[in-house]
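Below: one structure, written as structure tokens.
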Amino acid sequence: MDILQKLTQEFSLKPWQVENTVKLIDDGNTIPFIARYRKEATGSLDDQLLRNLSDRLTYLRNMDEQKEKIISSIEEQELMTDEIRKSIENATTITELEDIYRPFRPKRKTRASVAKAKGLQGLADFLYAQNRNSVSPLEEAEKYLNDEVESVEDALNGAKDIIAEFVSDDPSGRKMLRYSIKNHGNIVVTGAKDDLGVYEMYKDYTEPVSSVASHRVLAFNRGEKEGYLKVSIDYDKITALTILYNLHIKESSPTEEIVKEAIEDSYSRLIFPSIERELRNSLTEIADEKAIGVFAENTRHLLMQPPVKGKVTLGLDPGYRTGCKVAVVDETGKVLDTSVIYAVPPHNKVEQAKKIIKDLVKKHNVQMFAIGNGTASHETEVFAAEVIKELNCGITYMVVSEAGASVYSASKLAAEEFPEYDVSLRSAVSIARRLQDPLAELVKIDPKAIGVGQYQHDMPQNQLSSALDGVVEDCVNSVGVDLNTASAQLLNRVAGVSSKIANNIVSYRQEHGAFKSRDEIKKVSMLGPKAFEQCAGFLRVAESKNVLDNTAVHPESYEAARKLLKICCVSDDDVRKGNVSAVGEYVESVGTCALAKQLDIGEPTLIDITKEIAKPGRDPRDELPAPMLRTDVMGIEDLKVGMELKGTVRNVIDFGAFVDIGVHQDGLVHISQITNKYIKHPSDVLKVGDIVTVWVISLDIDKKRIGLTMKKPKE
């Protein structure tokens, strides 16, 4: 199989794009580096497509290795034929390969192997041949009686076991049955307990295998794992046997009925259980893949939430018995002050709590509150809104997801970062910083703990981690990292920077002070030429005399960028002050094609350089809608059906989206209520962080359920 040709077809790319991309991957380049700085080579393929292509490349190479192993094994058994070799070479999936190899795979002890050991292979061959003019099966079976085969019945049963295994190993029969069961079988779910709890809707549930939704597959699996559900696949046995009879039966022979009995045994005992397992595994793999895709996309949008920059922020980590932890951080996230208040039950020390907060606000000129959305969040939000009203100085607040905050605050990393604070105060700091810069703070937490997906604990953890790590890496590198303020955890996500190098960068910074240029990072221990090439463009040095060090322009393109600035008579100071209109005008007048040739760079690189010069230190997140800050609070009891509200999308899942409308409990917009147009998935229309207008269509205050629609009700 020509892997490059297959990738070209599957991804609908040009051969040169695939060839160049594979070479870049094989040469040890990171995906963010290839996506950003090798656009000419790849045809400007984005990071997501590059990751998919890289994953598929690995799969196809692994399959080629598997083919070589299978060919070698069959050759060692001296059973290879031209037909078998061709089948192996033409196989396009691991399942196909396994079907072909099944008859040759070394088997554990089976009923068929026992029968063969007793010398019954010849009888099995005689029966399966189904010669119309042969002697009767009983007469033939008598020839095979020996010390281990005491009766004709034993002989025939052993021969049937051999035929059953042969039929089971036949790739064509399996392929036909797999296709038919997949397209015409049903998933059948029944209750395994009297009280099914959240699985009540699946008490007696049937759905075609071909149309079962991925999120339901994951629900079935979890219910089965927890002992609440029994799950199976149902398929018409007569249809299955007809398929097998058509392949293996020759009518009107004396041995026809015995072969039919062997085929029925093969289907019931060997083939169907095996295909049922395969199909359920396949459904689970597809469901996992989709769920991981949704989780990854949600994580991407969560990490890329616009930061609320330049504001002193007060973080509130709500709690009942242990109180609400408070932390004030400055514009850069540095901790200025901490405290604990007891404004909610069981303590209700409201006035004392108000005084503490007001004093902190005045002392540090606090401009914004960040409130965690966990236990006691709503009561804390009500309290905070009252304080803001009484202060009347323009403070706004936002309820921030605290998913993973407790994981971070109890981690070794948090202990190293804040050795002087206890676990709960570290959470308050994290909550404040999440509002200021979600990416810089969330990068310290295992992305699985961020909580923007479904069934994440049921998915293959390595696959999930790999996907989420890729998302975090792409997000960090698309934003860029300040070399002089970034934590080791943030630096570790920069292309080409290992955890050891990240720690070395921080150590160097502590010992020698702030980096004065990008070039200076070459002095960091273990950061060699390849690591520098991969990471340099993603690191920003605002303090550098060279203004290009604070842009995404790669050092390898500095010469071209300098030529462009010189032609346009633009200095570094002009770039810093934003007086760069001459650059855009010149590029437009000459044209990117001609100018790229003049500067000896590719057009995509020229376009990127021009953008960076126009706005050094630019943050792509600033171009997104700002987060929704509030000054007042509502409770679920204040809602009424028909009420119009603004909200923030917090999670996008297969069957809809959860929207924060400022009442502590997120409302659900079912997929059918998102738009009047047909959509395959909510993510076709919505992403985490979107600000949307919704209307309340149902309320269940006792169960704290809010039904929302994005379709404007008719007047």
Side-chain angles (χ1 to χ4, degrees), residues 1-12 18 52-108 110 112 164-185 187 208-210 212 214 217 233 235 239-248 263 266-267 269-290 460 463:
M1 175 178 63
D2 186 334
I3 288 178
L4 295 184
Q5 186 182 348
K6 189 159 185 64
L7 290 171
T8 300
Q9 291 169 349
E10 287 184 8
F11 288 88
S12 301
V18 172
N52 292 339
L53 192 148
S54 178
D55 290 344
R56 185 64 176 153
L57 173 66
T58 302
Y59 178 90
L60 292 174
R61 283 177 169 171
N62 287 342
M63 195 157 79
D64 269 5
E65 282 181 26
Q66 192 67 13
K67 285 180 180 182
E68 287 174 17
K69 287 178 185 175
I70 287 172
I71 288 171
S72 175
S73 173
I74 296 173
E75 283 177 343
E76 283 175 14
Q77 297 173 54
E78 298 182 354
L79 296 171
M80 180 61 76
T81 65
D82 290 343
E83 188 181 353
I84 292 168
R85 187 183 297 275
K86 192 175 178 183
S87 297
I88 293 168
E89 288 170 352
N90 291 339
T92 57
T93 66
I94 297 291
T95 302
E96 271 186 76
L97 272 181
E98 286 175 350
D99 278 355
I100 296 164
Y101 187 46
R102 183 178 289 274
F104 308 99
R105 187 188 298 279
K107 290 184 171 67
R108 55 181 175 75
T110 64
E165 188 169 273
F166 170 76
V167 170
S168 173
D169 286 345
D170 175 42
S172 55
R174 276 184 170 268
K175 188 174 182 179
M176 291 170 73
L177 281 170
R178 188 183 292 112
Y179 176 84
S180 190
I181 296 170
K182 183 179 177 180
N183 287 281
H184 304 292
I187 285 272
V209 172
S210 58
V212 64
S214 291
V217 171
I233 291 177
Y235 181 69
T239 305
L241 292 177
T242 301
I243 290 169
L244 293 173
Y245 290 166
N246 287 338
L247 285 171
H248 298 284
I263 289 171
S266 177
Y267 174 74
R269 179 169 58 86
L270 302 172
I271 300 174
F272 181 75
S274 172
I275 290 178
E276 182 180 37
R277 279 193 305 274
E278 280 179 25
L279 286 178
R280 286 204 58 198
N281 286 340
S282 174
L283 288 172
T284 300
E285 282 172 18
I286 292 166
D288 284 341
E289 199 172 307
K290 285 186 178 177
Q463 196 178 332

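FYI, side chains are in, hydrogens and waters are out, and symmetry mates aren't considered; it's all heavy atoms of this structure.
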Q: Of all the heavy-atom pairs spanning Leu79 and Ile84, show the shortest one and how long it is.
A: O-CD1, 3.6 Å
Q: Could you tell me the separation between the CG atom of Leu7 and the CG atom of Asn52, rounded to the nearest 0.5 Å?
A: 11.5 Å
Q. With a 4.5 Å heavy-atom cut-off, do Ser266 and His248 have their side chains touching?
A. no
Q: Could you list the residues that satisfy side chain to side chain contact (heavy atoms under 4.5 Å, CB included) with Gln9, not counting sequence neighbours?
A: Gln5
(Q) Between Lys67 and Ala91 (side chain of the first, backbone of the second, donor and acceptor by atom type, cut-off under 3.5 Å), is there such a pair? (A) yes
(Q) Going by the rule side-chain hydrogen bond (donor to acceptor under 3.5 Å, both in side chains), which residues pair with Glu276 if we only count those two or more places apart in sequence or in a different chain? (A) none
Q: Could you pull out all residues at least two apart from Thr8 that satisfy side chain to side chain contact (heavy atoms under 4.5 Å, CB included)?
A: Pro15, Val18
Q: With sequence neighbours excluded, give me every salt bridge (Lys or Arg N to Asp or Glu O under 4.0 Å) pair touching residues 170-182.
A: Asp99-Arg178, Arg174-Glu278, Arg178-Glu278
Q: Tell me, please, which residues at least two apart from Tyr101 pass ring-ring contact (aromatic ring centres under 6.0 Å, His included).
A: none
Q. Among all residues two or more places apart in sequence or in another chain, which pass the side-chain hydrogen bond (donor to acceptor under 3.5 Å, both in side chains) test with Thr239?
A. Asp236
Q: Please name all residues satisfying side chain to side chain contact (heavy atoms under 4.5 Å, CB included) with Ile94, sequence neighbours left out, ordered by chain then number.
A: Tyr59, Met63, Glu98
Q) Does some side-chain heavy atom of Val217 sit less than 4.5 Å from a side-chain heavy atom of Lys290? A) no
Q | salt bridge (Lys or Arg N to Asp or Glu O under 4.0 Å) partners for Glu75, two or more places apart | A | Arg85
Q. Any idea how Tyr267 and Phe272 line up, ring-wise: parallel (<30°), tilted (30 to 60°), or perpendicular (>60°)?
A. tilted
Q.
Working to the nearest 0.5 angstrom, can you tell me the gap between Glu89 CD and Ile71 CD1?
A. 5.5 Å
Q | Those residues that, when tested against Tyr179, pass side chain to side chain contact (heavy atoms under 4.5 Å, CB included) (two or more places apart) | A | Asn183
Q.
Let me confirm one number: the CD1-CD1 distance from Ile243 to Ile271, rounded to the nearest 0.5 Å.
A. 10.5 Å
Q) Can Leu283 and Val209 be said to form a side chain to side chain contact (heavy atoms under 4.5 Å, CB included), step by step? A) CA-CA 8 Å; Leu283 288 172; Val209 172; 4.1 Å; yes
(Q) Check this for me: Asp82, atom CG, are more than 12 non-hydrogen atoms of other residues, nucleotides or ligands nearer than 6.0 Å? (A) no
Q) Got a second to check how far Ile88's CD1 is from Met80's CE, nearest 0.5 Å? A) 4.5 Å
Q. Who passes side-chain hydrogen bond (donor to acceptor under 3.5 Å, both in side chains) against Tyr235, sequence neighbours left out?
A. Ser180
Q: To the nearest 0.5 Å, tell me how far Thr284 OG1 sits from Glu289 CD.
A: 12.5 Å
Q.
If I compare all heavy atoms of Ser168 with all of Arg102, which pair ends up nearest, and what's the gap?
A. O-CD, 3.9 Å
Q: Find the distance between CD1 (Ile100) and CD1 (Ile70) and round it off to the nearest 0.5 Å.
A: 7.5 Å
Q: Go through the structure and list residues passing side-chain hydrogen bond (donor to acceptor under 3.5 Å, both in side chains) with Gln77, not counting sequence neighbours.
A: Ser73
Q: Just jot down the salt bridge (Lys or Arg N to Asp or Glu O under 4.0 Å) partners of Arg277, sequence neighbours excluded, or say none.
A: none
Q. Given Val167 and Leu270, is the side chain to side chain contact (heavy atoms under 4.5 Å, CB included) satisfied, shown in steps?
A. CA-CA 9 Å; Val167 170; Leu270 302 172; over 6 Å; no
(Q) Given 3.5 Å as the limit, does a donor-acceptor pair link the side chain of Ser87 with the main chain of Glu83, or not? (A) yes
